[in-house]
Peer 1: 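Quick one: structure below, then a few questions.
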Protein chains: 2
Amino acid sequence: MAAPQDRLDQMLAKLKTRNFRITPQRLAILKILASSEGHPSVERIYKQVKETFATTSLATIYKTVILLKHLNEVLELGFPDGSNRYDGNKPYPHPHVVCVRCKRILDPDLGSLSQLASEAAQKTGFKIVDHRLDFFGICPECQRKE
Amino acid sequence: MAAPQDRLDQMLAKLKTRNFRITPQRLAILKILASSEGHPSVERIYKQVKETFATTSLATIYKTVILLKHLNEVLELGFPDGSNRYDGNKPYPHPHVVCVRCKRILDPDLGSLSQLASEAAQKTGFKIVDHRLDFFGICPECQRKE
DNA sequence: CTTCATGCAAAACATTTGCAGCTGG
DNA sequence: CCAGCTGCAAATGTTTTGCATGAAG
């Protein structure tokens, strides 16, 4: 996984290149996303930013996250129940393992996924440009609490 | 793929077993879902049902779809943009190929997915109970229109 | 300085809920 | 008959939008 500082610098560089401003609020959001081990939700980011900037609004978080998504600097993980989680650490498609109890999300290193993608392309004639792979289950910690 | 008639019968059987009533509206919804080649949205189901029952309400569609989801007779596919699509034909997890242009969704037959699941379980210690695999791309028809 | 971002509040949406009346079994 | 379903309308919850003010560059 990339060092958080690297990711932060990459994000900042992209914003500067595209002439978007670096505001204190944005910087705070970037920092959280760049080191997002926990794949935070918008609400979680909001609460963290408010610890530093008490007047920050949810709208600002949404606007920034959408901006970063369009710049391909954050990966959006939407779930059927409407919850959205964000990964600024690895902003490209990759498999996830989601605990259905505590909602923690991990990134396992899996081989042979690209193989599946070409199989899908071959069998359907689609030109594949993106993917999403989630496994749902119960994490070791929650299993212990059973 | 199961014959639509088989799926319809299975759904009806499950409803009867659990003592849920077979109303004309429900029957119409079941028929659509049982033969859901197109992975319809709630809105799409609503429009189709209204052709037969003009006074049907959206709430009824939602209630029925949620009921079927809880009975494991329909698979819900939620997407980050908030759109939900339903598959009553194969109500168990399976890979999808989604056209980002026309939104059509196909079911490719892919091997070696269970292999990935065990790899994920092994590497994370999770007890895997469900999964979701989507490939996004451009279908042959939309490629032709390029 | 000028333009863009912020933050508030209101709007927009999709989905859910409450409830009176209807109807399947 | 009568529990459960329907359909309406109102409520909900989340994300988006408009706009006046403020700050980045």
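So you know, we letter chains A, B, ... as the sequences are listed, proteins then strands, and number each from 1. Note that the structure is a prediction, hence the values are computed from the model and not measured.
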Peer 1: Taking the nucleotide of DNA chain C with the nearest heavy atom to each, does B:Ser83 or A:Phe53 sit closer to the 5' end?
Peer 2: A:Phe53
Peer 1: A:Arg44 has an atom CZ; how far is it from atom C1' of D:dT14, in whole Å?
Peer 2: 18 Å
Peer 1: Can you tell if the side chain of B:Val97 reaches within under 4.5 Å of the side chain of B:Ile105, non-hydrogen atoms only?
Peer 2: no
Peer 1: Using a heavy-atom distance cut-off of less than 4.0 Å, which residues of residues 18-27 of chain A contact DNA chain C?
Peer 2: A:Phe20, A:Arg21, A:Thr23, A:Gln25, A:Arg26
Peer 1: Whether the B:His39 and B:Asp107 side chains hold a donor-acceptor pair (N or O, under 3.5 Å, no angle test) is what I'd like checked.
Peer 2: yes
Peer 1: Is there a side-chain contact between A:Tyr86 and A:Ile32 (heavy atoms, below 4.5 Å)?
Peer 2: no
Peer 1: Rounded to the nearest angstrom, tell me the gap between atom CD1 in A:Ile66 and atom C1' in D:dT16.
Peer 2: 7 Å
Peer 1: Taking A:Thr124 for its side chain and A:Phe126 for its backbone only, find out whether a donor-acceptor pair lies under 3.5 Å.
Peer 2: yes
Peer 1: Could you check A:Asn84 against B:Ser57 and say which one's nearest nucleotide on DNA chain D is further toward the 5' end?
Peer 2: B:Ser57
Peer 1: So, for B:Cys139 and B:Cys102, which heavy atoms are closest and what is the spacing to 0.1 Å?
Peer 2: SG-SG, 3.7 Å
Peer 1: Measure OH/A:Tyr46 against C1'/D:dT14 and give the value in whole Å, please.
Peer 2: 13 Å
Peer 1: Check whether any side-chain nitrogen or oxygen of A:Thr55 sits under 4.0 Å from OP1 or OP2 of C:dG7, and answer yes or no.
Peer 2: yes
Peer 1: Between B:Thr60 and D:dG7, is there a side-chain N or O to OP1/OP2 distance below 4.0 Å?
Peer 2: yes
Peer 1: Which pairs with one or both residues in residues 19-29 of chain A pass side chain to side chain donor-acceptor pair (under 3.5 Å), sequence neighbours excluded?
Peer 2: none
Peer 1: What is the distance, rounded to the nearest whole Å, between atom CG of A:Leu68 and atom P of C:dA5?
Peer 2: 12 Å
Peer 1: Are any side-chain N or O atoms of A:His94 and backbone N or O atoms of A:Tyr92, one a donor and one an acceptor, separated by less than 3.5 Å?
Peer 2: yes
Peer 1: What is the distance, rounded to the nearest whole Å, between atom CD1 of A:Ile61 and atom P of C:dA5?
Peer 2: 15 Å
Peer 1: Atom pairs, N/O to N/O, protein against nucleotides 17-19 of chain D, distance under 3.5 Å?
Peer 2:
| residue | atom | partner | partner atom | Å |
| --- | --- | --- | --- | --- |
| D:dG18 | O6 | A:Lys63 | NZ | 3.4 |

Peer 1: Pair A:Asp134, A:Arg132 - check salt bridge (Lys or Arg N to Asp or Glu O under 4.0 Å), show working.
Peer 2: CA-CA 7 Å; A:Asp134 300 330; A:Arg132 171 80 182 268; 2.8 Å; yes
Peer 1: In whole angstrom, what separates A:Leu15's CG from C:dA5's C1'?
Peer 2: 12 Å
Peer 1: Output the rounded distance in Å from NZ (B:Lys50) to C1' (D:dG7).
Peer 2: 12 Å
Peer 1: Rounding to a whole Å, what distance do you find between B:Asp81:CG and C:dC13:P?
Peer 2: 14 Å
Peer 1: Are the side chain of A:Arg7 and the backbone N or O of A:Ser36 linked by a donor-acceptor pair below 3.5 Å?
Peer 2: no
